[in-house]
Amino acid sequence: MPRNRASFSLRTPTSRSRLEPRRQPYWESLQHGYSIGYRRSDTGGSWIAKVVTDEIRKEKKIGGSDDQTDGRRIASNGDVVLSYREAVNKAWEWFNWIQYPEERIDIDAYKVADAVNEYMEDYAKRGKAEKTMRYSVECNILEPLGALKVRSLTRKKISDWHHGIATSSARVRSGRSQNFKASNTADAQRKRRSTANRILNNFKAILNFAAREHGFDDREWRAVKPFKGVDHAKVRFLNDAEIIRLANASQEPFRSLLVAALVTGARYGELSRMRVSDFDSDNGSVFIAESKSGKPRHVILTNEGKRHFEKVSRNKVSEDLIFVRETGNAWKKSEQARPLLEACKASKIEPAIGFHILRHTYASRLAIKAVPMMVIAKQLGHADTRMVEKHYAHLNQSYVKDTVRQAFTAIGLVDADNVIGLSEARR
């Protein structure tokens with residue numbers, strides 16, 4: 001049966017002013033067993049929190065409400081007088097306090113570093129790529145903000161930090177040493193703003209987790225907005241002629257690794273961990289058990305890709321790594337960089353590409369061939385099409401044009417003639 005919804009709203013002073021005064025609170029469920037209540041009287045309103053579980057049944061008045069009385073509104077102060085959102089946050093703070101006494105924290109002393117540590121522990125439990133995330137968080141969030149108390153964070157502090165990332169020089173990946181590269185080009189500035197947005201999103205996720213766990217008011221960081229129009233990067237990819245030149249210029253065993261990247265779109269780390277048992281010759285697919293997202297996936301191979309994996313897996317047992325170095329050892333971190341640079345020089349591909357461009361090349365070829373975005377996303381291991389549409393949708397325009405022209409047949413409004421326009425004559 002459909003769930004009955006309350007015929008009233010507690011969210012605004014105006015909506016609450018329409019309620020009749022009564023001793024019994026108007027209750028709104030926040031979650032099964034947890035509710036926020038509003039009691040309206042002739043002299044004003046108040047907020048009540050209620051928890052009902054198998055072990056606990058309690059109510060508590062948590063503050064007055066910012067009601068609208070006689071055309072005037074009582075302003076909230078976040079302490080004695082509360083808005084709806086402030087009341088909900090304070091209610092959750094009380095819920096956690098009474099239900100989990102062993103996890104009680106000193107809200108006033110709780111720092112950003114504490115929030116980061118709790119979030120990263122939960123992040124790792126969800127099977128995410130914790131190492132990569134932690135490095136970014138340590139460099140960009142913990143260093144400048146870790147000592148600050150969460151309750152002291154203001155919109156201005158967070159906004160100044162966000163803009164500071166956008167105007168700083170980009171970090172160079174070189175272990176734990178702090179190296180930077182400076183560039184004042186328009187595209188470099190766009191990239192820094194895009195990076196600042198990504199880090200801001202990570203910081204908000206950390207703070208939102210703390211708000212859910214401990215009842216912090218989230219208004220300050222929610223008010224900080226990301227930069228607009230900075231995520232439309234032009235993705236570099238190789239054309240077919242460049243692919244052939246690069247492959248021909250590569251030496252074994254690196255060439256086998258490079259070809260595998262071009263026929264699967266898999267990341268370097270995914271390929272370097274791939275074993276013979278991950279290749280299904282009958283189904284024509286490879287299984288990637290450990291990916292950046294933490295979720296495994298099957299990648300469907302083309303006939304050419306299937307032939308390549310059959311060749312490189314020949315004479316190996318199921319637990320053998322498919323791709324190994326000349327010594328027979330596994331490909332380790334960054335060991336692909338030098339042979340790829342040498343192949344780029346030999347094939348005159350300038351500027352030289354990184355290994356990740358092979359993944360872009362794979363996805364771009366699919367997009368150009370009008371493969372649906374969801375199919376590309378599944379092959380690459382994305383949960384949805386957002387990232388794929390961001391980088392490759394513009395390459396899929398030929399599919400859009402062909403579909404529209406085939407579906408929208410002639411109506412008969414314009415007579416055909418033999419006159420050729422200048423633009424057509426120049427083709």
Side-chain angles (χ1 to χ4, degrees), residues 194 231-248 250 255-274 278-313 322-323 336 340 343-344 347 349 352-407:
S194 179
D231 293 325
H232 304 291
K234 181 179 179 181
V235 176
R236 186 182 178 192
F237 62 93
L238 305 179
N239 59 39
D240 287 0
E242 290 173 321
I243 290 173
I244 296 299
R245 295 206 319 265
L246 183 65
N248 289 340
S250 300
R255 186 182 187 280
S256 293
L257 186 70
L258 178 138
V259 172
L262 288 167
V263 297
T264 63
R267 301 177 179 90
Y268 171 68
E270 294 170 344
L271 292 170
S272 64
R273 293 187 294 268
M274 195 173 290
D278 295 325
F279 169 51
D280 185 345
S281 179
D282 294 334
N283 191 43
S285 66
V286 290
F287 177 64
I288 297 176
E290 185 180 345
S291 66
K292 183 178 179 181
S293 66
K295 296 180 180 179
R297 71 182 187 276
H298 292 271
V299 178
I300 303 302
L301 299 172
T302 63
N303 291 331
E304 184 180 34
K306 180 182 175 181
R307 289 196 302 272
H308 177 65
F309 273 85
E310 287 173 342
K311 179 180 177 181
V312 295
S313 300
I322 296 179
F323 305 103
Q336 84 286 5
L340 180 57
C344 287
S347 59
I349 293 178
I353 64 168
F355 200 88
H356 200 72
I357 299 300
L358 305 178
R359 179 173 166 87
H360 285 317
T361 298
Y362 172 82
S364 298
R365 293 190 83 249
L366 291 179
I368 290 171
K369 298 297 184 181
V371 174
M373 293 289 109
M374 180 53 74
V375 174
I376 300 176
K378 286 185 176 298
Q379 288 286 93
L380 295 179
H382 294 304
D384 52 47
T385 62
R386 286 177 296 177
M387 289 298 295
V388 174
E389 289 173 349
K390 171 184 171 182
H391 291 300
Y392 312 112
H394 66 286
L395 300 172
N396 207 278
Q397 290 306 305
S398 60
Y399 172 71
V400 175
K401 288 188 289 187
D402 291 343
T403 302
V404 170
R405 287 168 181 167
Q406 290 174 12

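Listed here is the closest heavy atom pair of P296 and A289: CB-O, 3.6 Å. Across all non-hydrogen atoms, the minimal contact from D384 to A377 is O-CB, 3.4 Å. Taking all atoms of both residues into account, the shortest heavy-atom contact from G354 to L340 is C-CD2, 3.5 Å.
Taking the side chain as every heavy atom from C-beta outward, E242 and T361 never approach each other to under 4.5 Å. The shortest distance between side-chain heavy atoms of Q336 and F323 does not fall below 4.5 Å. The shortest side-chain heavy-atom distance between R365 and D240 falls under the 4.5 Å cut-off. Taking 4.5 Å as the limit, every side-chain heavy atom of R236 sits out of range of all side-chain heavy atoms of H360. Inter-residue side-chain proximity for V263 and F309 is flagged as met; some heavy-atom pair is nearer than 4.5 Å. Proximity of Y392 to L366: side-chain heavy atoms (C-beta onward) are nowhere separated by under 4.5 Å. Put simply, the side chain of T264 does not reach to within 4.5 Å of the side chain of I288, judged on heavy atoms.
Applying the side chain to side chain donor-acceptor pair (under 3.5 Å) test to every pair with at least one member in residues 297-307, sequence neighbours left out, gives these pairs: E270-R297.
Rounding to the nearest 0.5 Å places CG of D278 at 9.5 Å from OG of S313. Taken from CG in L238 to CG in L358, the straight-line distance is 6.5 Å, to the nearest 0.5 Å. With rounding to the nearest 0.5 Å, the separation of CZ in R245 from CG in N248 is 10.0 Å. Atom CG of residue L301 and atom CG of residue N283 lie 9.0 Å apart, to the nearest 0.5 angstrom. For the atom pair CD1 (I353) and CZ (F237), the distance works out to 12.5 Å, reported to the nearest 0.5 Å. Here the CG atom belonging to L380 is positioned 12.0 Å from the OG1 atom belonging to T385, to the nearest 0.5 angstrom.
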Practice prompt. Would you please test V312 and L257 for side chain to side chain contact (heavy atoms under 4.5 Å, CB included) and show each step?
Written response: CA-CA 9 Å; V312 295; L257 186 70; over 6 Å; no

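In this structure, R359 contributes its side chain and G265 its backbone to a donor-acceptor pair below 3.5 Å.
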